[in-house]
Amino acid sequence: MKHMMQTNITSPADVKANLRHVQSRIAAAAARARRNPADITLVAVTKSGTLEQIGELLQAGCRSFGESRVQQLQSRAADLRSMLEKSGPKLAVPDAAALPGAGVPVQWHMIGHLQTNKASAAVTHSHLIHSVDSLRLIELLGDIGVRRGIQVPILLEINTTDDPNKFGMAPSAAFHMAEEVADVPGLKFMGLMTMARHSKNPADARPAFVRLRELFEDIAARKIGGEYFKHLSMGMSGDFEIAIEEGATIVRVGSALFEPCPAAGDPLPATACRTG
Ligand SMILES: *Cc1c(COP(=O)(O)O)cnc(C)c1O
């Protein structure tokens, strides 16, 4: 651990190189599954990144960022905006105007457990809320949407590993919750999200991803989802390739982008960023 921290100080992560590596792994996994890599959105989870690193990712073409806490998301988004305004041409984003969101070049994703008292801020500052996990939250976000005259884009989080320590709805409740969401005018129901069990072996994640895809297919087959229901948010640094093989349209990757990669000959175990 001590050694790890020293490495961190002496060799900050080359996030652009990490991004290219993650993108090529996404492309390879998509090819294996005969899928178009353009159908897969990489959300860079910035929990462990610095503002400068987020700026570098933006310059390198990354447009989607994720945070697991609303306050952090809000302050990161504001900091990045002011950095962009101050930096001028150096950080200018050439294709900003062509992106959805009227000149806002970046999209922030709220991926962590959402407390009801933060729901309003989450709606204001995020492009998509991945972590809707209760009827209470469904109703609350729906009310906020109606009051603002918008449809709040959401995913339902499903606890596909039946882990009592994890957030998310029981898979057995998914249909009922999907029906509830579909009936709420202030919501745009865009899909499902899950987290797999943490494991050294990426293959251990597969059953959770298969379970989420099957739930998704069942909901779609019963025509509950509606026209926007097309996303499966699943896969993190340790298992995003497996998730892509099982149909992920959004992968949420943090440490593989922001952790320094051990140099050749480094005694540290290879982290997610240089495997594969
Ligand atoms: C932190 C986090 C991630 C990213 O995890 P890494 O293993 O660092 O890639 C993805 N999803 C959620 C919900 C998270 O909280």
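Values reported hereafter were calculated over all heavy atoms of this structure, with side chains retained and with hydrogens, waters and symmetry mates removed. First listed ligand is number 1; within each ligand, the first listed atom is number 1. Because the structure is predicted, anything quoted here is derived from the model rather than measured.
Atom 12 (C) of ligand 1 has Ile111 CD1, 3.4 Å as its closest protein atom, hydrogens excluded (heavy atom only). Regarding atom 10 (C) of ligand 1, its nearest protein heavy-atom neighbour is Met236 SD, 3.3 Å.
Comment: Glu217 engages Arg213 in a salt bridge, judged by a side-chain N to carboxylate O separation of less than 4.0 angstrom. Between Glu245 and Arg206 a salt bridge is recorded (basic side-chain N to carboxylate O distance below 4.0 Å).
Ligand 1 has no nitrogen or oxygen under 3.5 angstrom from a nitrogen or oxygen of Gly238. For ligand 1, the polar-atom distance check against Ser255 finds a nitrogen or oxygen pair separated by under 3.5 Å.
Remark: Arg197 CZ is loosely packed, at most 12 non-hydrogen atoms of other residues, nucleotides or ligands lying under 6.0 Å away.
Looking at every heavy atom in both residues, Pro171 comes nearest to Thr160 through CG-CA, 4.2 Å. Nearest heavy atoms, Leu212 versus Ser233: CD2-O, 4.3 Å.
Shown in contact with Val253 at under 4.0 Å from a heavy atom are these atoms of ligand 1, numbered in order with element: 9 (O). Counting the atoms of ligand 1 from 1 in the order shown, those under 4.0 Å from a heavy atom of Ser237 are 6 (P), 7 (O), 8 (O), 9 (O). Numbered from 1 in the order shown, with element, the atoms of ligand 1 that lie under 4.0 Å from a heavy atom of Lys47 read 1 (C), 2 (C), 3 (C), 14 (C), 15 (O). Listed by number with element, the atoms of ligand 1 under 4.0 angstrom from any heavy atom of Arg252 are 4 (C), 9 (O), 10 (C), 11 (N), 12 (C), 13 (C). Near Met195, the atoms of ligand 1 lying under 4.0 angstrom from a non-hydrogen atom of the residue are 13 (C).
Annotation: cation-pi pair Arg76/Phe65 absent, no NZ/CZ under 6.0 Å from the ring centroid and within 45° of its normal.
Counting only heavy atoms from C-beta outward, the side chains of Ser48 and Glu259 never approach each other to under 4.5 Å.
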